[in-house]
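Single-structure report; data block below.
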2 protein chains.
Amino acid sequence: MKNTRNDATDLSAQIASKIRDSIVEGRLIVNERLPSEAELSEQFSVSRSTVREALKRLAAQSLIRTQRGAFGGAFVNKLSYQDAYSQNITTSTLLLSMNDINIDVACEARFALERSCVPLACARRSEEQLSVMRRELHRQTSPDLSDEEWCASDVAFHRSFVDCAQNPVLSYQLTGAVEAMQPLMNMITFTARSRAKIISHHAALITSLETQDIPLAERTLGELAEYSMQLAAKVLADREKK
Amino acid sequence: MKNTRNDATDLSAQIASKIRDSIVEGRLIVNERLPSEAELSEQFSVSRSTVREALKRLAAQSLIRTQRGAFGGAFVNKLSYQDAYSQNITTSTLLLSMNDINIDVACEARFALERSCVPLACARRSEEQLSVMRRELHRQTSPDLSDEEWCASDVAFHRSFVDCAQNPVLSYQLTGAVEAMQPLMNMITFTARSRAKIISHHAALITSLETQDIPLAERTLGELAEYSMQLAAKVLADREKK
DNA sequence: GACTTTTAATTGTCTGACAAATGAAAAACA
DNA sequence: TGTTTTTCATTTGTCAGACAATTAAAAGTC
């Protein structure tokens with residue numbers, strides 16, 4: 001079906017593709033054991049090293065895990081949210097950092113996505129997430145926070161906001177968008193004044209959740225998006241000047 | 001910094017992690033050439049096979065590409081949208097299929113995310129995307145479409161809807177959500193009647209874009225979400241009965 | 001100057017070996 | 001008999017060395 005993979009590539013890539021298809025299309029199920037490396041090398045008529053390179057490719061995508069010893073081997077891995085998160089973050093971060101994405105485009109996407117969980121977040125927010133957001137808000141008021149720490153706290157704040165929707169699939173999909181912004185924002189120097197302004201928006205966001213005020217949340221996110229873009233634009237303008 | 005990776009793992013995994021960090025943190029830049037396998041094996045004091053396994057791991061994540069011949073080698077790869085898309089789709093699909101996700105949760109997330117591009121899509125939709133949507137809508141009216149073909153067309157339709165927002169980052173983030181739904185929806189048998197109903201919603205969606213009617217688009221997406229969940233619930237109920 | 005051949009560098013693949021881990025079975029022991 | 005220890009076969013992890021295939025630069029040729 002999706003056999004766009006083919007001839008021109010390495011043997012190890014071809015073999016990895018074949019096994020990957022077996023997993024994705026369900027012919028190999030979770031926790032099932034693959035044949036041993038020796039058996040695979042016979043099946044595919046290649047050397048053990050080639051098989052191993054193929055298996056390492058799959059391991060890098062968390063599709064399999066391996067275990068040594070008798071009755072060990074390679075097993076189809078149940079992809080955890082944790083694994084999926086970190087893969088998503090790595091890919092999103094690299095995509096943004098390598099493709100000179102316009103920061104406005106990234107901001108626009110991020111806040112559009114975040115806005116998508118406003119109704120659910122307002123309806124379902126639990127004390128657990130709210131307390132994380134309050135904690136991060138408090139941390140943000142500390143004046144001796146470095147720009148990196150500030151951005152990290154910002155990410156934690158927004159991740160918790162997303163988690164308010166109590167939908168793990170939604171959280172997963174948004175993780176990449178929220179986390180990948182951090183390196184971009186890290187380039188901005190946040191003055192005391194700009195921090196104060198963002199903090200007030202964050203406070204409003206918490207209030208909107210507490211009072212389940214959907215319009216307020218949407219408006220606040222919009223303002224945050226706009227302000228982020230302004231700050232970024234200013235940084236770019238300053239850099240231009242030099 | 002993020003050195004949660006450590007001791008208990010394979011040498012090849014450790015080496016892959018080190019190189020990955022170098023790329024993610026920018027010490028190795030796009031198109032830069034890595035040392036040759038022989039040099040790397042000296043640097044890390046391991047055999048060439050171990051280095052190769054590490055490099056294959058990175059290649060599986062599209063972080064590097066390799067080229068044979070003199071002046072060949074491993075180069076830091078510029079992650080393309082295409083590569084990022086397919087990684088995202090694979091991960092999302094597996095996450096959903098392996099974690100017995102409640103279909104309601106997946107539907108909820110998908111339509112929440114899709115709703116996030118309604119304002120942008122209405123404002124910016126181009127004739128290009130609209131014609132794709134019309135083409136898929138027309139295809140959906142064909143009665144001899146298999147359930148799989150129907151679902152594939154559905155995915156193409158919604159991807160094009162997302163693309164209307166003209167924001168590649170947004171499209172990237174939503175690809176996983178839209179595509180990963182297909183295997184879940186494939187389990188549903190779409191009767192002529194249910195197809196007709198969905199087609200009418202799709203038609204309304206096209207109209208809402210043409211007339212830039214944001215409320216109509218949001219309402220239509222909501223109805224689609226609800227109807228999808230109904231169909232899924234019915235499938236589950238029928239299966240229970242047996 | 002244009003074309004061909006050689007050459008050196010580099011990845012891709014293969015073979016064979018040994019180390020390390022590990023669970024099962026066998027042996028030893030109480 | 002029941003429990004602990006030892007042995008053992010299997011499998012992955014790592015290594016060393018070899019050769020094939022590819023490739024671009026360098027050298028040679030006309």
Side-chain angles (χ1 to χ4, degrees), chain A residues 5-20 22-23 28-78 83, chain B residues 5-20 22-23 28-78 83:
Chain A
R5 71 193 99 295
N6 44 27
D7 335 304
T9 55
D10 302 8
L11 276 178
S12 71
Q14 290 174 38
I15 292 170
S17 272
K18 284 182 189 170
I19 300 177
R20 187 181 301 113
S22 293
I23 296 174
L28 286 169
I29 61 172
V30 170
N31 290 330
E32 187 171 342
R33 182 182 177 278
L34 273 64
S36 72
E37 295 175 355
E39 287 173 290
L40 285 173
S41 67
E42 257 198 70
Q43 273 184 36
F44 291 110
S45 306
V46 296
S47 72
R48 203 185 135 210
S49 2
T50 304
V51 166
R52 280 183 64 78
E53 287 176 11
L55 292 180
K56 293 312 154 210
R57 295 178 118 108
L58 299 177
Q61 298 181 298
S62 304
L63 291 178
I64 61 169
R65 62 177 186 281
T66 53
Q67 211 171 359
R68 291 218 271 202
F71 299 78
F75 299 83
V76 178
N77 195 36
K78 173 164 169 175
D83 290 336
Chain B
R5 70 194 100 292
N6 43 26
D7 336 303
T9 54
D10 301 6
L11 277 176
S12 70
Q14 290 174 38
I15 292 170
S17 272
K18 285 182 188 167
I19 300 177
R20 187 180 302 113
S22 294
I23 295 174
L28 285 169
I29 61 171
V30 170
N31 290 329
E32 187 170 343
R33 181 182 178 278
L34 273 66
S36 71
E37 295 174 356
E39 288 175 290
L40 285 173
S41 67
E42 259 199 69
Q43 273 184 36
F44 291 108
S45 307
V46 296
S47 71
R48 202 184 137 211
S49 356
T50 303
V51 166
R52 280 184 64 78
E53 287 176 10
L55 293 180
K56 294 311 154 208
R57 295 177 118 107
L58 300 176
Q61 298 181 297
S62 305
L63 290 178
I64 61 168
R65 61 176 188 281
T66 54
Q67 213 171 356
R68 292 219 269 200
F71 298 79
F75 298 83
V76 178
N77 195 35
K78 173 165 168 173
D83 290 335

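Numbers restart at 1 for each chain; the letters A, B, ... are given by sequence-line order, proteins then strands.
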- prompt: Would you say D:dG13 has OP1 or OP2 under 4.0 Å from some side-chain N or O of A:K56?
  reply: yes

Value for CG (A:L40) from CD1 (A:I15), rounded to nearest 0.5 Å, stands at 8.0 Å

Its 5'-most and 3'-most nucleotides having an atom under 4.0 Å from a non-hydrogen atom of chain A, DNA chain C is contacted over C:dG12 to C:dA24

Between CD of A:E53 and P of D:dT12 the distance, given in whole Å, is 16 Å

| query | Do B:R65 side-chain atoms and B:V76 backbone N/O form a donor-acceptor pair below 3.5 Å? | reply | yes

Closest to the side chain of B:R48, out of D:dA24, D:dG13, D:dA18, is D:dA18

B:E37 CD to D:dG17 P, in whole Å, measures 17 Å

Looking only at heavy atoms, the pair that brings B:A59 and A:R57 closest together is CB-NH2, 3.9 Å

By nearest-heavy-atom nucleotide on DNA chain C, the more 5' of A:T50 and A:Q67 is A:T50

Mind checking if B:S49 touches a base, just sugar-phosphate, or nothing, with heavy atoms under 4.0 Å?
base

Taken to the nearest whole Å, CG/A:L11 to C1'/D:dA21 is 12 Å

* Within the structure shown, what part of the strands sits under 4.0 Å from A:R33 by heavy-atom distance: base, sugar-phosphate, or nothing? -> sugar-phosphate

Rounding to 0.5 Å, atoms CG (B:N31) and CG (B:N77) come to a distance of 8.0 Å

Distance col, row A:E32:CD vs A:S22:OG, nearest 0.5 angstrom, shows 9.5 Å

Quiz item: Would one find a side-chain N or O of A:R52 under 4.0 angstrom from OP1 or OP2 of D:dG13?
Solution: yes

Rounded to the nearest 0.5 angstrom, the CG-CD1 distance for A:L55 and A:I64 is 4.5 Å

